[in-house]
Amino acid sequence: MPRLSLSAMRCPMLRLSIILAAATALAPPQGLLLGVGRVAEAHPLVFGSGLTCLKTVCSDVLVQKRVQKRKALNYRRCGVFAVYGFFYLGAVQYLLFSRVYPTLFPRCAAFAAAPAAAKLGDPMGAASVAGQILLDLGVHWPLSAIPAFYFCKAVGETGRPRGCLRAYGANWRADVAACWAIWCPAELVSFGALPIRWQVPFAALVSFGYTALVSFRRGGAAPAAAAAS
């Protein structure tokens, strides 16, 4: 097999060809993708919770190794994110977004799938989307999702929930501000502009970045007062 010279490797088209060939070789076979799709359709709660658990742990590992430059992983911390990712971000939010919100705001799905011109003439649909965002960011995240993280963190670090409310209270303002800064524009795009089939992948992408931020700011065992900055 001929060896590629350094000058040849500098050719953008050659590099692109190599990347595409590698991606094709590493791509999972179609049968595997179809099998995963069948599992997700048959067991959406378990599949979604497991996928969210994996995504949350990977986000924490990325922060520990690449951002904080830890030589050894803090496995207890990874466990906290695994439990939070599986039970809350997976199971609880699955029920919330697949059962509760569609029942409370039945117009959101049709509004998201409608073309832009139709959305301009549907003020009730726009109001439904706004109501869903206000409920999610005004009630769900500040009063449920964020406290649940501190509960999981306290139990994971000490074996009991003592101190979780104190840490939550100390960091509440900064945590809610960070949550709103990321999720408000993300949910405007997701609920208001994306069809339903693209909302879950988009939310997963945003959630990976948001979880990395939470891991960086709150993953360590620093005192709550010192971590509130």
Side-chain angles (χ1 to χ4, degrees), residues 33 36-37 39-41 43-60 62-63 81 84-149 152 172 174-218:
L33 293 178
V36 172
V39 172
E41 184 176 358
H43 308 283
L45 178 58
V46 175
F47 180 83
S49 298
L51 188 62
T52 305
C53 173
L54 178 63
K55 177 263 300 179
T56 306
V57 172
C58 288
S59 183
D60 178 54
L62 177 67
V63 169
F81 279 89
Y84 182 63
F86 185 89
F87 288 103
Y88 194 90
L89 297 181
V92 173
Q93 291 202 144
Y94 169 81
L95 295 173
L96 188 67
F97 283 94
S98 66
R99 298 289 188 269
V100 178
Y101 285 171
T103 301
L104 295 177
F105 305 98
R107 297 179 63 94
C108 283
F111 183 85
K119 291 177 182 178
L120 294 176
D122 186 7
M124 294 301 296
S128 183
V129 170
Q132 182 172 333
I133 294 174
L134 287 174
L135 179 61
D136 193 51
L137 296 181
V139 178
H140 165 234
W141 274 101
L143 302 181
S144 181
I146 295 176
F149 168 74
C152 292
W172 184 84
D175 287 349
V176 172
C179 173
W180 286 354
I182 293 174
W183 284 108
C184 185
E187 291 192 356
L188 282 171
V189 172
S190 179
F191 298 146
L194 296 181
I196 296 297
R197 66 181 181 276
W198 290 109
Q199 289 183 7
V200 172
F202 178 77
L205 179 63
V206 176
S207 180
F208 187 90
Y210 177 74
T211 303
L213 176 65
V214 173
S215 172
F216 177 72
R217 300 174 73 226
R218 307 298 182 220

Measure from the side-chain N and O atoms of Ser215 to the backbone N and O of Thr211, and report whether any donor-acceptor pair falls under 3.5 Å. no

Do Ser98 side-chain atoms and Tyr94 backbone N/O form a donor-acceptor pair below 3.5 Å? yes

Measure the [atom1]-[atom2] distance between [X] and [Y] for me, rounded to the nearest 0.5 Å.
| X | Y | atom1 | atom2 | answer |
| --- | --- | --- | --- | --- |
| Phe105 | Thr103 | CZ | OG1 | 10.5 Å |
| Phe202 | Leu205 | CZ | CG | 7.0 Å |
| Thr56 | Leu51 | OG1 | CG | 9.0 Å |
| Phe86 | Cys152 | CZ | SG | 12.5 Å |

Considering all heavy atoms, the nearest [X]-[Y] contact:
| X | Y | result |
| --- | --- | --- |
| Leu213 | Ala178 | CD2-CB, 4.2 Å |
| Asp136 | His140 | OD1-ND1, 2.8 Å |
| Phe111 | Phe191 | CD2-O, 4.4 Å |
| Trp180 | Pro185 | O-CD, 3.7 Å |
| Ser49 | Gly90 | OG-C, 3.4 Å |
| Leu137 | Cys179 | CD2-SG, 4.3 Å |

Side chains of residues 113-130: which donor-acceptor partners sit under 3.5 Å, not counting sequence neighbours?
{"residue": "Lys119", "atom": "NZ", "partner": "Ala112", "partner atom": "O", "Å": "3.4"}
{"residue": "Lys119", "atom": "NZ", "partner": "Gly192", "partner atom": "O", "Å": "2.7"}
{"residue": "Asp122", "atom": "OD1", "partner": "Arg107", "partner atom": "NH2", "Å": "2.7"}
{"residue": "Asp122", "atom": "OD1", "partner": "Gly125", "partner atom": "N", "Å": "3.0"}
{"residue": "Asp122", "atom": "OD2", "partner": "Arg107", "partner atom": "NH2", "Å": "3.4"}

Kindly determine whether Leu135 and Gln132 satisfy side-chain contact (heavy atoms from CB on, under 4.5 Å), including the steps that lead there. CA-CA 5 Å; Leu135 179 61; Gln132 182 172 333; 5.8 Å; no

Donor on one side chain, acceptor on other, Tyr88 and Ser144, under 3.5 Å: yes

Give the intermediate values and the outcome of side-chain contact (heavy atoms from CB on, under 4.5 Å) for residues Val206 and Glu187. CA-CA 10 Å; Val206 176; Glu187 291 192 356; over 6 Å; no

CH2 of Trp141: more than 12 outside heavy atoms within 6.0 angstrom? yes

Is the count of non-hydrogen atoms from other residues, nucleotides or ligands lying under 6.0 Å from Phe87 atom CZ greater than 12? no

With sequence neighbours excluded, tell me which residues meet side chain to side chain contact (heavy atoms under 4.5 Å, CB included) with Ala212. Ser59, Val63

Once the angle between the rings of Phe81 and Phe149 is folded into 0 to 90°, is it parallel (under 30°), tilted (30 to 60°) or perpendicular (over 60°)? tilted

